[in-house]
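Here is the structure we will look at.
Worth knowing before you read on, the calculation uses all heavy atoms, side chains too, and leaves out hydrogens, waters and symmetry mates. When a residue number appears, it is its place in the shown sequence, counting from 1.
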Amino acid sequence: MNKNVTKRFQYITKQMNYSGALLVREGRQPSIKLSSGYRNRSEELPNEVNTRFGIASGCKLFTAIAICQLIQLGKLSFHDDIQDYLDIELPWTNGITVHHLLTHTSGVPDYFDEEVMGDFEELWEENPMYQFRQLCDFIPLFQQQPMKMQPGERFHYNNTGYILLGLIVEKVTGTSFTQYIEEHIFKKAHMYHSGYFSFDSLPSQTALGYIDEPDGTWRTNMYSLPIRGGADGGAFITVDDMERLWDALMNYELLNADYTKKLLTPHVHENENSFYGYGIWIEKSRESIRKYHLMGYDPGVNFHSAYYPDNAITFVACSNTSNGSFHLMKELENNLRLKQLH
């Protein structure tokens, strides 16, 4: 990797007061790894490259991989009606398929609808966040709400759909969703520092998320998110573990070649050059794939990770504040356009 690129990232992270960790690798060359800011501001404990960070919706990919693994094993199919796998009373499941849920085209009511609700924290004003430890705890938030649209009508980003996918994983496997992910994805990809950790029992080297207020004060996001993540978001990873996930996925260690291709297919058009596969954003340039992309936004969490197939470049940026990682990804892409990586 070009030394000038490393220096540029060092300069940018300093100018931004970036709080988090960054990894960039081109092919089999040594990675750029940087960290800055504090994982614990009160104790002035610094972020490091082995710090664990929350990635919010970035882990929808894990849920999609789990579903594809079970389909590969013949335990369900993309076109199965979801009511065949759910033991809960839902008035609107008929005609909704697994494919609909994976591609955000199901039309199910979203417990956090970004077209209606501007801030994730609003949810917890009436629903104590400390009660949300399992997927089933989310059901009352959407169970009696009306459908957003007809199944297959259009793309509409939807967290409820991924909660339902997680419940399907639990029904089919007879184990908890988080146990399945840790056993069949994290272990297979050698992601030994990643997990779905509760805010009240975080392991060592885990970054607290910080919300910076306009008046210069700050607070942690402990009361702004569910106490434990699940199928729609909330896992913690290190930048090295995320790199291992990309490697395992692209080398068919998590799914065979056919099902990896299905997961990475642009199934639905979101806007302009942006498409969605199964749990993953896909950006096209004409007819070719420019990048596969994951993102996660929560109060005190900002995550972007991408794989650029033409250059075999892996990018991971995890921040324990609400912004910054997207800017670093754009900096990388500017360098790619200027051909400064070679």
**OP:** Verify the distance criterion only: is there a donor paired with an acceptor across the side chains of S325 and Y18 at less than 3.5 Å?
**Re:** yes
Subject >> ring-ring contact (aromatic ring centres under 6.0 Å, His included) partners of residues 21-50, not counting sequence neighbours, each pair once >> reply: none
Original post:
Under a single-linkage definition using a 4.5 Å side-chain heavy-atom cutoff for Ile, Leu, Val, Met, Phe, Trp and Tyr, are Y223 and W218 assigned to the same hydrophobic cluster?
Top reply: yes
**OP:** Answer whether the closest heavy-atom distance between the side chains of Y276 and T105 falls below 4.5 Å.
**Re:** no
Subject >> Pair W281 + Y292: ring centers closer than 6.0 Å >> reply: no
Original post:
Could you state the interatomic distance from CZ (R39) to CD (Q205), rounded to the nearest 0.5 Å?
Top reply: 4.0 Å
Original post:
Sequence neighbours excluded, which residues qualify as salt bridge (Lys or Arg N to Asp or Glu O under 4.0 Å) partners of D212?
Top reply: R41
Original post:
Can you name the one residue among D84, D87, D80 that meets salt bridge (Lys or Arg N to Asp or Glu O under 4.0 Å) with K171?
Top reply: D87
Original post:
Taking a hydrophobic cluster as the set of Ile, Leu, Val, Met, Phe, Trp and Tyr residues connected by side-chain heavy atoms closer than 4.5 Å, whether directly or through intermediates, do V49 and L23 fall within one such cluster?
Top reply: no
Subject >> Hphob cluster co-occupancy, L34 + L45, side-chain heavy atoms under 4.5 angstrom >> reply: no
Original post:
Would T173 and T175 count as having a side-chain donor-acceptor pair, cut-off 3.5 Å?
Top reply: no
**OP:** Work out which heavy atom in S198 is nearest to a heavy atom in R133; give both atom names and the distance.
**Re:** OG-NH1, 3.7 Å
Original post:
Do L90 and M147 share a hydrophobic cluster (ILVMFWY, side-chain heavy atoms under 4.5 Å, transitive)?
Top reply: yes
**OP:** Would you please classify the geometry between the Y157 ring and the F155 ring as parallel, tilted or perpendicular, with 30° and 60° separating the classes?
**Re:** tilted
Original post:
Measuring from S106:OG to I82:CD1, what's the distance to the nearest 0.5 Å?
Top reply: 7.0 Å
**OP:** Would you please test L332 and I313 for side-chain contact (heavy atoms from CB on, under 4.5 Å) and show each step?
**Re:** CA-CA 10 Å; L332 171 70; I313 289 175; 4.2 Å; yes
Original post:
Is the backbone of Y307 close enough, under 3.5 Å, to the side chain of T314 for a donor and an acceptor to pair up by distance?
Top reply: no
Subject >> Heavy-atom pair of closest approach, residues F326 and N302 >> reply: N-OD1, 3.7 Å
**OP:** Answer with yes or no after comparing the ring centroid distance for Y308 and H293 against a 6.0 Å cut-off, counting only values under it.
**Re:** no
**OP:** Applying side-chain contact (heavy atoms from CB on, under 4.5 Å) between L101 and each of T63, I67, N158, I96, report the one that passes.
**Re:** I96
Original post:
With no hydrogens and no angle check, is any side-chain donor or acceptor of T206 less than 3.5 Å from a backbone partner on P203?
Top reply: yes
Original post:
Roughly how far, to the nearest 0.5 Å, is the CD atom of E48 from the OG1 atom of T238?
Top reply: 12.0 Å
Original post:
What pairs of residues pass the ring-ring contact (aromatic ring centres under 6.0 Å, His included) test when at least one of them lies in residues 44-67, not counting sequence neighbours?
Top reply: F62-F186
Original post:
Which heavy atom in S77 sits nearest to a heavy atom in I71, and how many Å separate them?
Top reply: C-CD1, 3.8 Å
Subject >> Expected output: side-chain E331 to main-chain I12 donor-acceptor under 3.5 Å >> reply: no
Subject >> Audit row: N159, Y162, side-chain contact (heavy atoms from CB on, under 4.5 Å) steps and yes/no >> reply: CA-CA 5 Å; N159 293 286; Y162 272 70; over 6 Å; no
Original post:
Partners of E283 by salt bridge (Lys or Arg N to Asp or Glu O under 4.0 Å), sequence neighbours excluded?
Top reply: R290, K291
Original post:
Rounded to the nearest 0.5 Å, how far apart are CD of E170 and OH of Y85?
Top reply: 16.0 Å
Subject >> From CA spacing to verdict: salt bridge (Lys or Arg N to Asp or Glu O under 4.0 Å), R228, D137 >> reply: CA-CA 11 Å; R228 191 180 190 210; D137 297 329; over 6 Å; no
**OP:** Look at the side chain of S31 and the backbone N and O of K33, then say whether any donor-acceptor pair between them is shorter than 3.5 Å.
**Re:** no
**OP:** Kindly assign one of parallel, tilted or perpendicular to the pair Y196 and F177, based on the angle between their ring planes and the thresholds 30° and 60°.
**Re:** perpendicular
Original post:
Where do V239 and L22 land on the side-chain contact (heavy atoms from CB on, under 4.5 Å) test, with the steps shown first?
Top reply: CA-CA 7 Å; V239 292; L22 167 73; over 6 Å; no
**OP:** Mark yes or no for whether N320, through its side chain, and A207, through its backbone, hold a donor-acceptor pair below 3.5 Å.
**Re:** no
**OP:** Return yes if some donor-acceptor pair links the side-chain N/O of S322 with the main-chain N/O of G300 below 3.5 Å, else return no.
**Re:** yes
**OP:** Could you tell me whether a side-chain N or O of S35 sits under 3.5 Å from a main-chain N or O of G20, the two making a donor and an acceptor?
**Re:** no
**OP:** Quick one: pull up OG1 in T160 and CD1 in I139 and give me the separation to the nearest 0.5 Å.
**Re:** 10.5 Å
Subject >> Atom of A248, atom of A189 and distance for their closest heavy-atom approach >> reply: CB-CB, 3.8 Å
Original post:
With a 4.5 Å heavy-atom cut-off, do I237 and M191 have their side chains touching?
Top reply: yes
Subject >> Side-chain donor or acceptor of N47 paired with backbone N/O of A21 under 3.5 Å >> reply: no
Original post:
If you measure from CG on L254 to CD on Q69, what distance do you get to the nearest 0.5 Å?
Top reply: 6.0 Å
Original post:
Can a salt bridge be assigned to the pair D247 and R244 using a cut-off of 4.0 Å between side-chain N and carboxylate O?
Top reply: no
Original post:
Would you call D110 and K148 a salt bridge, using N to O less than 4.0 angstrom?
Top reply: no
Original post:
Around atom NZ of K14, are there more than 12 heavy atoms of other residues, nucleotides or ligands at under 6.0 Å?
Top reply: no
Subject >> Qualifying ring-ring contact (aromatic ring centres under 6.0 Å, His included) pairs, either residue in residues 230-253, two or more places apart >> reply: F197-F236
Subject >> Crowding at CD, Q150 (>12 non-hydrogen neighbours, <6.0 Å) >> reply: no
Original post:
Considering residues, nucleotides and ligands other than E213, do more than 12 of their heavy atoms fall under 6.0 Å from its CD?
Top reply: yes
**OP:** Kindly work out whether a path of hydrophobic side-chain contacts (I/L/V/M/F/W/Y, heavy atoms less than 4.5 Å apart) joins Y192 to I65.
**Re:** no
Subject >> Backbone of T103 reached by a side-chain donor or acceptor of H100 within 3.5 Å >> reply: no
**OP:** Could you tell me whether the side chain of D298 and the main chain of A56 form a donor-acceptor pair under 3.5 Å?
**Re:** no
Original post:
Checking K262 against Y278: charged group under 6.0 Å from the ring centre and within 45 degrees of the axis?
Top reply: no
**OP:** Please list, chain by chain and in numerical order, all residues satisfying ring pair (Phe, Tyr, Trp, His ring centres under 6.0 Å) with Y259, sequence neighbours excluded.
**Re:** none
**OP:** Taking all non-hydrogen atoms of both residues into account, name the closest pair between D241 and S194 and its distance.
**Re:** OD2-OG, 2.7 Å
Original post:
H267 versus H99: any side-chain heavy-atom pair under 4.5 Å?
Top reply: yes
